[in-house]
There are 2 protein chains.
Amino acid sequence: MEQNLQRRSGVALWRQIADSISSDIVRNIQDPNGKLPGEIALAARYGVNRHTVRTALRALSEQGLLETRHGDGTYVLRKPHVVYPLGRRTRFSDGIGDQAGAKRGRLVSSMLEPAETNVALGLALHPGTQVLRLDTISEADGYPMTRSTSWFDAGRFATMADFFSRTGSITAALKHYGIEDYFRKSTRIHARHATTAEIAELKLSAGAIVLVTHAVNATPEGEPLQYSITRFPADKVTLSIETDIAQ
Amino acid sequence: MEQNLQRRSGVALWRQIADSISSDIVRNIQDPNGKLPGEIALAARYGVNRHTVRTALRALSEQGLLETRHGDGTYVLRKPHVVYPLGRRTRFSDGIGDQAGAKRGRLVSSMLEPAETNVALGLALHPGTQVLRLDTISEADGYPMTRSTSWFDAGRFATMADFFSRTGSITAALKHYGIEDYFRKSTRIHARHATTAEIAELKLSAGAIVLVTHAVNATPEGEPLQYSITRFPADKVTLSIETDIAQ
DNA sequence: CAAATATGTCTATTCGTATAGACAACCAAA
DNA sequence: TTTGGTTGTCTATACGAATAGACATATTTG
């Protein structure tokens, strides 16, 4: 019984258990076939009723993470945890490439809009300047891993959306504008509960936690190119920073 | 009415509202005196009953973030949001120093124990080697901002705990061993719900989210010195990475 | 096949969450 | 002092969350 659960917290026990199973149990599974401990064993471990565990397992099954077999047990369908590097030259495809299968970005929508304060600040533009907004979803292993909104100076990158749709890559799209290289200039990270829209787009179970990064990408000269807000499912993603000490 | 709340999610509406107020509203307050919108206005904005908003406000008041004045309104007592830099040479006191008042670490406990897999891997030791474990809490502005557990090679840093207690600083303690400089070698970041212990130690409201970093600090030569797991209250802390492009 | 073990379903009860409305108590400004 | 707006408290109701126990049904193993 690992008494890590809190009652009367505003977060239901079944949700805490679902988070725990998704982020801990699944990664430390001993069974070679990916079989989870039984419902009764899990109930004992968390110190709750078996029905509460079942609610958690049902949520994860509906999410596609687990499969329960009547009379047999519960099995892990996939181990969705990936490490996402936040290095200075990180690209999504670079980082995830060796950990999962498919890795292209998919354009959800694009539009022109006036820059809000944050965006203008990040891109070093005046607030209200027209900017191009791209909403994208990236997948790893067929499952959504990032939900990203990016802004670009509309005066310069008006047709970004077309290039991105064709290639599924910001890097490739920027090459059409003669930008051969760019860098992660600054990144801010926080975490919160997922919104309704994020639940749907990232195929999360309701009440899940998302990691959120606000990043500015820039040319080697430091000129801002892209301001982006990216949301990761916290139970499936660990962000990683590797520092080159001898720099 | 910003319909960002989800029902039947396993996360109570009052908790979602508390998180939202803590991380959004408080930062974007218009009123110069730090007065929040009224309960009825908030209820309308979130599309919930006034009593639900009151539950959220009560949680934040008990946490010390807000103060409600009968017949007047609700006021922000402190804006607890700090940006915590994760640069390669970051020290806690360096990063938080200019954003808040007090900033020293406090030793909660220290002990010798055999290194577990993660710790051994991070410190490049064999699993089971004796390591010194320090449990510390750092505060900014009088409020807990980090809850950290660090491990050091016990053969080398046996009396770390004493030095740390006296100075409240890992950096200072390491100097006693002739280590003038050290660097953040690698950092991994994820997020989850806070445990019961973390609720108490970080003075969180129950059900809060914590950002968790697993970091290895090393000498300039790359020799691992410290493996640490640090937990930050997600509603009060944003982690930040600034990259020096021209490096 | 039989036994042991696992998940699936059902009923019942208790407590936390959320809504609804009414009214009291209090404060600030006209 | 009066008025309007705000928080505080109370009652009532409905539903979700969690517990408890019993039993059905399916699978695996001996």
Side-chain angles (χ1 to χ4, degrees), chain A residues 1 3-21 25 31-62 65-77 193 205-207, chain B residues 1 3-21 25 31-62 65-77 193 205-207:
Chain A
M1 170 165 57
Q3 195 54 283
N4 269 347
L5 304 184
Q6 339 140 208
R7 291 158 190 267
R8 286 174 228 82
S9 70
V11 181
L13 295 181
W14 68 260
R15 163 127 300 283
Q16 299 179 55
I17 293 169
D19 287 351
S20 171
I21 290 176
I25 307 268
D31 187 286
N33 299 320
K35 187 174 183 176
L36 284 182
E39 295 173 351
I40 297 165
L42 286 173
R45 175 188 310 207
Y46 289 110
V48 301
N49 191 276
R50 174 173 159 241
H51 294 295
T52 307
V53 169
R54 283 176 60 76
T55 305
L57 293 177
R58 193 190 322 132
L60 294 173
S61 296
E62 287 170 358
L65 176 63
L66 303 178
E67 184 190 48
T68 62
R69 300 175 196 161
H70 191 175
D72 183 4
T74 303
Y75 293 82
V76 179
L77 281 188
H193 285 120
S205 67
Chain B
M1 172 164 58
Q3 196 54 283
N4 269 347
L5 304 186
Q6 337 142 211
R7 291 158 189 267
R8 286 174 229 81
S9 71
V11 180
L13 294 181
W14 67 261
R15 163 128 301 282
Q16 300 179 54
I17 293 169
D19 288 350
S20 171
I21 290 176
I25 309 268
D31 188 285
N33 299 321
K35 188 174 184 177
L36 282 183
E39 294 173 353
I40 297 165
L42 287 173
R45 176 190 310 207
Y46 289 111
V48 301
N49 190 277
R50 175 176 159 238
H51 295 296
T52 308
V53 168
R54 282 178 59 77
T55 305
L57 293 177
R58 192 190 322 134
L60 294 173
S61 295
E62 286 169 359
L65 175 64
L66 304 177
E67 183 190 49
T68 61
R69 301 176 196 161
H70 191 175
D72 183 4
T74 303
Y75 293 82
V76 178
L77 279 189
H193 285 121
S205 67

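Below, chains carry the letters A, B, ... as their sequence lines are ordered, and counting in each starts from 1.
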Task: Spacing of D31(B) atom CG relative to dA28(C) atom P, expressed in whole Å - done: 13 Å
Open item on the list: Taking only side-chain N and O atoms of T74(A), does any of them lie within less than 4.0 angstrom of OP1 or OP2 on dA6(C)?
Closed with: no
Open item on the list: Closest approach to the side chain of H51(B), judged atom by atom: which nucleotide of dT19(D), dA20(C), dT7(C) is it?
Closed with: dA20(C)
TODO: Using only side-chain N and O atoms of N49(B), determine if any of them is under 4.0 Å from OP1 or OP2 of dA18(C).
DONE: no
Open item on the list: For S9(B), is there any backbone N or O sitting under 3.5 Å from a side-chain donor or acceptor partner on R15(A)?
Closed with: yes
TODO: Please state whether the phosphate of dA17(D), meaning OP1 or OP2, lies under 4.0 angstrom from any side-chain nitrogen or oxygen of R58(A).
DONE: no
Open item on the list: Please evaluate residues W14(B) and D19(B) with respect to the criterion side chain to side chain contact (heavy atoms under 4.5 Å, CB included), reporting the C-alpha separation (whole Å), side-chain torsions for both, the decisive distance (0.1 Å), and the verdict.
Closed with: CA-CA 9 Å; W14(B) 67 261; D19(B) 288 350; over 6 Å; no
Open item on the list: Does R54(A) reach a base, just sugar-phosphate, or nothing at all? Heavy atoms under 4.0 Å.
Closed with: base
Open item on the list: For S9(A) and L57(A), find the nucleotide of DNA chain C closest to each by heavy atoms; which residue's nucleotide sits nearer the 5' end?
Closed with: L57(A)
Open item on the list: With a 4.0 Å cutoff (strictly under), does any side-chain N or O of T68(A) reach OP1 or OP2 of dA6(C)?
Closed with: no
- [ ] Check whether any side-chain N or O of T55(A) sits under 4.0 Å from OP1 or OP2 of dA18(D), and answer yes or no.
- [x] no
Open item on the list: For a quick test of reading the model: is some side-chain N or O of R69(A) closer than 4.0 Å to OP1 or OP2 of dA6(C)?
Closed with: no
Open item on the list: Can you see if the side chain of R15(B) gets near the phosphate of dA18(C) - specifically, an N or O under 4.0 Å from OP1 or OP2?
Closed with: no
Task: Closest to the V48(A) side chain, choosing from dA18(C), dT19(D), dG8(C) - done: dT19(D)
Open item on the list: Taking the minimum atom-to-atom distance to the side chain of R7(B), which one of dA17(D), dG8(D), dT19(C) wins?
Closed with: dT19(C)
Open item on the list: By nearest atom, which of the nucleotides dA25(C), dT19(C), dT7(C) is closest to the H70(B) side chain?
Closed with: dA25(C)
TODO: Return the value, rounded to whole Å, for the distance between atom CD of E67(A) and atom P of dA6(C).
DONE: 18 Å
